[in-house]
Protein chains: 2
Amino acid sequence: MKAGDSLKHFTAGMKMTPQRMAILEFLEGNLDHPSADDVYRAVSARYPTMSCATVYNTLETLRKRGGLLELSIDPLRKRFDPNPKPHNHLICTVCRKIVDVHIDYRVELPAETAADFEITGNHIEFYGVCPECKQKAATGNRPEDNG
Amino acid sequence: MKAGDSLKHFTAGMKMTPQRMAILEFLEGNLDHPSADDVYRAVSARYPTMSCATVYNTLETLRKRGGLLELSIDPLRKRFDPNPKPHNHLICTVCRKIVDVHIDYRVELPAETAADFEITGNHIEFYGVCPECKQKAATGNRPEDNG
DNA sequence: ATCTTGACAAGAATAATTCTTATTTGATAA
DNA sequence: TTATCAAATAAGAATTATTCTTGTCAAGAT
């Protein structure tokens with residue numbers, strides 16, 4: 001498979017439109033975990049009439065087809081990951097920066113814990129503080145506790 | 001420690017008010033991963049003048065003190081977990097039901113991958129389809145693909 | 001008694017996402 | 001090539017979750 005071609009595997013039978021092609025092009029090979037709004041802003045630069053509903057619809061269609069992973073790693077918004085290889089994430093709890101972790105941990109759920117679920121996958125989040133935020137914390141401006 | 005007493009460990013120095021006590025009482029021992037709105041609805045049944053801002057403020061105060069985990073396991077809203085023991089989750093991708101997984105997997109990030117982050121924790125999500133949703137899917141009403 | 005600080009209610013404001021509706025388009029088959 | 005029709009679109013209204021603002025209040029400190 002050619003690099004940047006992976007999403008094509010999930011678009012068979014989808015009606016191809018200029019809008020969708022622009023969205024796919026933006027997503028192909030994108031490792032930044034963009035939000036719907038990131039996609040919308042990037043694509044509407046070239047297609048000024050692009051509607052945010054179109055972006056949401058296309059992302060949801062791709063998600064259902066398995067071409068995108070919807071990540072719940074940001075409490076403020078959904079993030080989408082077009083990286084076809086299953087992987088995990090390291091997240092800075094201060095600035096919410098996200099780093100891919102390409103390690104397969106092979107965690108498994110014992111049958112008695114799976115509670116008759118049909119298991120389809122897993123995702124590990126590591127939490128930490130990134131070097132930049134550690135630096136900032138060290139130089140004094142630590143946030144107060146208001147409790 | 002008495003069962004249902006765990007949150008008390010994080011409230012030292014917090015000004016105690018009837019509203020906060022009602023919120024704490026609702027959270028103590030709650031294994032349902034309630035959202036802010038769940039807390040608000042439950043507590044305002046007894047305190048009709050409760051403001052949603054008070055709920056959000058109290059939850060955020062507890063979170064900062066380590067008494068609550070803010071879970072990003074639901075793309076629609078934040079969920080809060082007052083269970084003080086670190087644990088993982090099994091999530092139905094159809095109905096979003098959440099089941100606690102009390103297994104310690106001891107996943108670790110190699111130093112070269114940690115990228116100078118100071119690692120503070122991790123969380124594993126298992127994805128699957130729960131028995132009820134499997135049942136529904138088998139009996140015919142499978143959702144169409146709109147792509 | 002007054003001051004200070006944190007907590008409060010009420011609701012406005014914001015931000016992300018979904019929904020609605022009329023219109024247009026791409027894929028299919030005639 | 002053209003007609004057809006389901007699906008996709010634009011535009012913006014609506015919804016939902018969350019945060020912010022403002023004025024008030026209460027408890028402890030001075």
Side-chain angles (χ1 to χ4, degrees), chain A residues 7-8 10-27 33-65 67-68 70-80 96 143-147, chain B residues 10-25 33-65 67-68 70-80 96 143-147:
Chain A
L7 281 177
K8 302 274 185 344
F10 300 97
T11 57
M14 277 176 69
K15 193 188 278 189
M16 266 307 135
T17 67
Q19 293 88 339
R20 289 186 161 184
M21 288 169 64
I23 292 171
L24 286 167
E25 192 174 320
F26 175 76
L27 291 176
H33 317 96
S35 68
D37 193 59
D38 292 335
V39 178
Y40 174 67
R41 280 206 305 275
V43 173
S44 54
R46 262 199 297 161
Y47 289 81
T49 72
M50 172 74 62
S51 163
C52 73
T54 297
V55 172
Y56 277 97
N57 289 341
T58 302
L59 293 175
E60 174 65 4
T61 298
L62 283 169
R63 187 191 66 79
K64 279 203 200 142
R65 290 164 164 270
L68 280 182
E70 181 183 298
L71 302 176
S72 296
I73 53 187
D74 182 343
L76 296 177
R77 60 187 69 75
K78 291 180 190 170
R79 304 287 208 105
F80 293 89
R96 303 191 191 278
E144 266 89 48
D145 183 326
N146 70 347
Chain B
F10 300 97
T11 56
M14 276 176 69
K15 194 186 279 189
M16 267 307 135
T17 67
Q19 294 88 339
R20 288 186 161 184
M21 286 170 64
I23 293 171
L24 287 167
E25 192 176 322
H33 316 96
S35 68
D37 193 59
D38 292 334
V39 178
Y40 174 66
R41 280 205 306 275
V43 174
S44 54
R46 260 198 300 161
Y47 290 81
T49 72
M50 171 76 61
S51 162
C52 73
T54 298
V55 173
Y56 277 97
N57 289 340
T58 302
L59 292 176
E60 173 66 5
T61 297
L62 282 170
R63 187 192 65 79
K64 279 203 200 140
R65 289 165 165 269
L68 280 183
E70 180 183 299
L71 302 177
S72 295
I73 53 187
D74 182 344
L76 296 177
R77 60 188 70 74
K78 290 181 190 170
R79 304 285 209 107
F80 292 89
R96 304 191 191 278
E144 264 87 51
D145 184 325
N146 70 347

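Heavy-atom basis, side chains included; hydrogens, waters and symmetry copies ignored. In the text below, chain A, chain B and the rest are named by the order of the sequence lines, each starting its count at 1.
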> Is B/Arg79 reaching over with its side chain to a backbone N or O of B/Leu71, donor-acceptor style, under 3.5 angstrom?
Replying inline: no
Scan nucleotides 28-30 of chain D against the protein and return all N/O pairs shorter than 3.5 Å with their distances rounded to 0.1 Å.
none

Is there any protein nitrogen or oxygen under 3.5 Å from a nitrogen or oxygen in nucleotides 26-30 of chain C, and what are the pairs?
| from | atom 1 | to | atom 2 | distance (Å) |
| --- | --- | --- | --- | --- |
| C/dG26 | O3' | A/Met16 | O | 3.2 |
| C/dA27 | OP1 | A/Met16 | N | 3.2 |

>> Would you say A/Asp38 and A/Ser35 are linked by a side-chain donor-acceptor pair, where the criterion is simply a distance under 3.5 Å?
In response: yes
> Given atom CD of B/Glu70 and atom P of D/dT18, what is their separation to the nearest angstrom?
Replying inline: 9 Å
> Where do A/Lys15 and A/Arg20 come nearest, in terms of heavy atoms and distance?
Replying inline: O-NH1, 3.1 Å
>> Looking at every non-hydrogen atom in both residues, tell me the closest pair between B/Tyr40 and B/Met50 and how far apart they are.
In response: CE1-O, 3.3 Å
>> What is the distance, to the nearest angstrom, from the CG atom on A/Leu71 to the C1' atom on C/dA16?
In response: 16 Å
>> Strictly distance-based, threshold 3.5 Å: is any side-chain N or O of A/Arg77 a donor or acceptor partner for the main-chain N or O of A/Ala36?
In response: no
> Separation of B/Leu59 atom CG from D/dT19 atom C1', in whole Å?
Replying inline: 13 Å
>> Which heavy atom of B/Thr54 sits nearest to which heavy atom of B/Ile23, and what is that distance?
In response: O-CD1, 4.3 Å
> Which heavy atom of B/Thr11 sits nearest a heavy atom of B/Arg65, and at what distance?
Replying inline: C-NH1, 4.3 Å
> Which of these, A/Gln19, A/Met21, A/Met14, sits in a side-chain contact (heavy atoms from CB on, under 4.5 Å) with A/Thr17?
Replying inline: A/Gln19
Could you pull out the protein-nucleic contacts involving nucleotides 10-17 of chain D (nitrogen or oxygen on both sides, under 3.5 Å)?
| from | atom 1 | to | atom 2 | distance (Å) |
| --- | --- | --- | --- | --- |
| D/dA10 | OP1 | A/Gln19 | NE2 | 3.1 |
| D/dA10 | OP1 | A/Thr49 | O | 3.3 |
| D/dA10 | OP1 | A/Thr49 | OG1 | 3.4 |
| D/dA10 | OP2 | A/Ser51 | N | 3.1 |
| D/dA10 | OP2 | A/Thr54 | OG1 | 2.7 |
| D/dA10 | O5' | A/Thr49 | O | 3.3 |
| D/dA11 | OP2 | A/Thr49 | O | 3.1 |
| D/dA11 | N7 | A/Ser51 | OG | 3.1 |
| D/dA17 | OP1 | B/Arg77 | NH2 | 3.3 |

> Under 4.0 Å between a side-chain N or O of A/Arg20 and OP1 or OP2 of D/dT9?
Replying inline: yes
>> Is there a side-chain contact between A/Arg63 and A/Lys78 in this structure, where contact means two heavy atoms from C-beta onward sitting under 4.5 Å apart?
In response: no
>> Applying the side-chain contact (heavy atoms from CB on, under 4.5 Å) criterion to A/Leu27, which one of A/Val43, A/Thr58, A/Val39 satisfies it?
In response: A/Val39
